2 protein chains.
Amino acid sequence: MKKRVTIHDIAKELNTTAATVSRALNNNPSIGMAMKKRVQEMAKKLNYRQDRIATSLRSGKTFVIGVIIPSAKISFFGSVVHGIESIARKSGYQILLFQTNEKYSNEKEGINTLLQSNVDAIIVSISKETTNYDHFLEVKEQGVPLILFDRTNDTLGFPSVVIDDFKGAYMATSHLIDQGYTNIAHICGQQHLKIFEDRLLGYKAALEDRGLIFKEENIVSGDVSIQSGEKAAEVLLNLAERPDAIFAAEDFMALGALQTLKKHKLHHPGHFGLVGFANESFGEYITPSLTTVNQRNIEMGEEAAKLFLSLPTKNLYNDQKPSKIILKPELIIRESSSSKLSK
Amino acid sequence: MKKRVTIHDIAKELNTTAATVSRALNNNPSIGMAMKKRVQEMAKKLNYRQDRIATSLRSGKTFVIGVIIPSAKISFFGSVVHGIESIARKSGYQILLFQTNEKYSNEKEGINTLLQSNVDAIIVSISKETTNYDHFLEVKEQGVPLILFDRTNDTLGFPSVVIDDFKGAYMATSHLIDQGYTNIAHICGQQHLKIFEDRLLGYKAALEDRGLIFKEENIVSGDVSIQSGEKAAEVLLNLAERPDAIFAAEDFMALGALQTLKKHKLHHPGHFGLVGFANESFGEYITPSLTTVNQRNIEMGEEAAKLFLSLPTKNLYNDQKPSKIILKPELIIRESSSSKLSK
DNA sequence: CTGTTAGCGCCTTCAT
DNA sequence: ATGAAGGCGCTAACAG
């Protein structure tokens with residue numbers, strides 16, 4: 001365990017003081033070129049490396065962004081983290097990662113740990129289980145910027161990044177209508193999550209705008225699992241008036257529905273319409289490949305990081321309306337999971 | 001921006017000193033129960049939160065593990081990070097994440113930043129581009145534990161976690177032989193990466209052990225992309241002695257191969273054998289679903305974290321042979337991408 | 001331009 | 001069982 005080289009060591013070698021070395025290394029204008037050069041050379045020679053901990057303690061800034069996500073193993077969140085890190089690093093920020101596994105208690109603990117670590121900002125996607133938001137308000141009280149993405153809550157006054165779920169669902173449903181399907185069902189997600197609520201609303205709006213009647217029995221809810229998608233589709237296929245297409249609020253459920261369609265030999269392109277809502281990368285690879293709504297994973301992370309970087313240092317939470325970035329969804333039409341042979 | 005509550009504030013309220021408060025909060029046995037209780041209550045009342053930065057500066061320990069991966073958007077690495085974080089957190093460690101995007105320069109920068117941050121350990125999967133390992137040796141010199149996973153290098157003397165690629169490839173190839181295929185080709189990965197070298201060796205060994213002849217023209221190399229898999233399969237199908245099965249060193253290439261097989265109408269189960277090597281989650285969902293080798297993503301992360309936690313504090317790098325955890329691969333046989341109808 | 005001094009918040013000897 | 005004092009490595013205010 002080698003002892004750390006400090007600015008004092010450099011100072012001693014150069015017969016000067018730590019303050020001068022510090023200034024030289026930080027490119028302070030009051031230091032002469034000659035001195036700067038000597039310091040830099042000695043720093044390299046001694047293999048000096050700044051101690052971020054000490055710097056943070058002194059300056060009150062850590063250059064660390066805390067990121068709280070349900071799980072890094074969910075491809076959507078992995079991609080968002082990728083986006084956040086890429087942008088953050090360009091400005092010298094590091095990422096401290098915390099997973100909740102969808103648990104409220106972990107989320108609370110995560111916020112606490114990150115505050116203990118004096119992170120300069122926190123970026124969060126709310127856990128499914130969370131219904132109490134006091135821990136987020138605590139962050140606000142501490143004056144630490146908090147940014148929500150995807151799983152957001154508009155009532156708390158935090159800046160956020162989302163995609164337009166309503167519009168995405170509207171587009172997905174409209175696409176099915178365009179293809180000539182007329183009895184379109186919807187496998188919805190947990191309605192206490194805004195994203196799923198919006199998708200249901202988008203679905204309804206599309207039906208209405210195009211003169212199709214909305215039927216309560218065409219809505220079956222799932223829990224974002226393949227199994228729930230399978231079961232939901234089974235229910236839908238057994239309806240007296242069997243739907244001819246399904247819009248699933250999420251790709252795993254769409255995938256489950258696809259398994260059921262296969263079981264019923266309905267999976268051949270053109271026989272039955274199916275559109276999902278992307279949070280996974282597999283849509284491209286399954287057969288028939290899945291038409292879906294692009295959730296712009298990486299961009300979402302990038303935007304969240306940029307949002308923080310653009311935040312004012314003072315009066316952080318004084319705006320009456322925090323910035324809200326709404327990414328435009330994009331329909332990814334693949335092969336023919338959603339197309340129809342004859343009208 | 002509220003001012004932070006410190007142990008001094010608690011001390012003042014209680015007419016005692018910071019030292020006592022610190023001891024009480026750290027459950028030091030020399031503090032009486034009464035005092036401890038009073039301190040704890042006041043801490044809660046004032047909403048005290050320990051400052052990890054200050055603690056780290058003083059103690060020299062940050063309780064942070066630096067993790068360097070090519071990219072969080074690659075599902076394999078996301079899962080590994082998930083595994084690392086889960087285990088680490090149980091022992092109070094946080095994860096500082098750094099992505100290289102497969103760039104050597106980023107990897108070097110990452111190591112440097114993490115050392116600046118005084119992380120207690122670094123867990124790395126080496127970037128594809130890296131051929132110079134001095135930055136890792138620097139970590140060793142600083143006395144910081146470094147653990148490699150998946151993309152490792154045995155010559156550097158670091159503990160590591162891998163799966164047995166040789167065995168995985170051997171199992172995959174043997175499975176195809178068991179199914180009755182006799183002319184099995186291999187789409188290999190970059191041979192300067194040990195994992196791909198081992199997979200090729202495993203493939204060869206399986207052929208040899210079962211009395212099948214190895215043919216140089218049955219090996220086509222790809223670069224871990226779908227496109228390269230497609231092209232490689234195209235080459236293989238045009239051979240004079242067309243193979244009847246393919247073992248791809250990696251799932252994306254297997255997927256590409258599958259596209260080519262579909263184009264040639266060879267994708268129906270039993271007509272042509274295909275096995276991949278998993279780093280993605282889609283194998284389960286494609287049609288026909290892909291037989292593959294389980295790379296134990298999450299476990300790999302868990303084991304890497306456990307490895308660090310079990311490391312001796314002193315004489316870290318004095319062992320002549322660093323621990324090497326070799327996870328056992330597991331063949332995931334799905335549907336019939338790899339089965340054969342008739343011998 | 002450069003040196004001196006004084007902490008950031010915490011923990012840990014050394015006293016008492 | 002508790003206080004006093006010092007310092008982890010760095011930077012900022014105040015001198016010159």
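In what follows, chains are A, B, ... by sequence order, proteins preceding strands, each numbered from 1. Treat the numbers as computed from the prediction; the structure is a model and nothing was measured.
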Exercise for the section: Salt-bridge test for B:E102 and B:R151: reply yes if a basic N is under 4.0 Å from a carboxylate O, no otherwise. Expected result: yes

Exercise for the section: State plainly whether the residues A:R49 and B:E138 are in salt-bridge range, i.e. N to O under 4.0 Å. Expected result: yes

Fill in the blank from the handout: A:H8 NE2 to C:dT4 P, in whole Å, measures 11 Å

Handout entry: A:S22 side-chain N/O to D:dT11 phosphate OP1/OP2 under 4.0 Å
Key = yes

Problem - Listed nucleotide nearest any side-chain atom of A:S30, set D:dG9, C:dC1, D:dC10 - result: C:dC1

Completion exercise
Rounded to whole Å, the CG-P distance (B:N28 to D:dG3) equals 13 Å

Exercise for the section: With heavy atoms under 4.0 Å as the rule, sort A:S59 into base, sugar-phosphate or nothing. Expected result: nothing

Exercise for the section: State plainly whether the residues B:K324 and B:D154 are in salt-bridge range, i.e. N to O under 4.0 Å. Expected result: yes

Exercise for the section: Tell me whether the OP1 or OP2 atom of D:dG3 has a side-chain N or O from B:T20 closer than 4.0 Å. Expected result: yes

Practice task
Classify the side chain of A:R58 versus the base of C:dG9 as yes if they form a donor-acceptor pair under 3.5 Å and no if they do not.
Solution key: no

Exercise for the section: Report the distance from atom CG of B:L57 to atom P of C:dG9, rounded to the nearest whole Å. Expected result: 12 Å

Problem - Whole-Å distance separating the CZ atom of B:R23 from the P atom of C:dG9 - result: 20 Å

Handout entry: Interatomic distance where CG belongs to A:N27 and P belongs to D:dC10 [whole Å]
Key = 17 Å

Practice task
Compare side-chain N and O positions of A:T17 against OP1 and OP2 of C:dG3 and report whether any pair is under 4.0 Å apart.
Solution key: yes

Handout entry: Nearest-Å distance for atom pair CZ/P, residues B:R4 and C:dG9
Key = 8 Å

Exercise for the section: Using heavy atoms to find the nearest nucleotide of DNA chain D for B:I31 and A:R49 separately, return the residue whose nucleotide is more 5′. Expected result: B:I31

Exercise for the section: Can you figure out which of D:dG9, D:dT11, C:dC10 approaches the side chain of B:A54 most closely? Expected result: C:dC10

Exercise for the section: Give me the ring orientation class for B:F63 and B:Y93: parallel if the planes are under 30° apart, tilted from 30 to 60°, perpendicular past 60°. Expected result: tilted

Practice task
Output yes when at least one side-chain N/O atom of A:T16 is less than 4.0 Å from OP1 or OP2 of C:dG3, else no.
Solution key: yes

Handout entry: Phosphate contact (C:dG9 OP1 or OP2) by B:T6 side-chain N/O below 4.0 Å
Key = no

Completion exercise
To the nearest angstrom, the NZ-C1' distance between B:K12 and D:dG3 comes to 17 Å

Practice task
Looking only at side-chain atoms of B:A19, point me to the closest of D:dG3, C:dC10, D:dT2.
Solution key: D:dG3

Handout entry: Whole angstrom value for the distance that separates P of C:dT12 from CD1 of B:I7
Key = 11 Å

Problem - Euclidean distance, A:I147 CD1 relative to A:I84 CD1, rounded to 0.5 Å - result: 9.0 Å

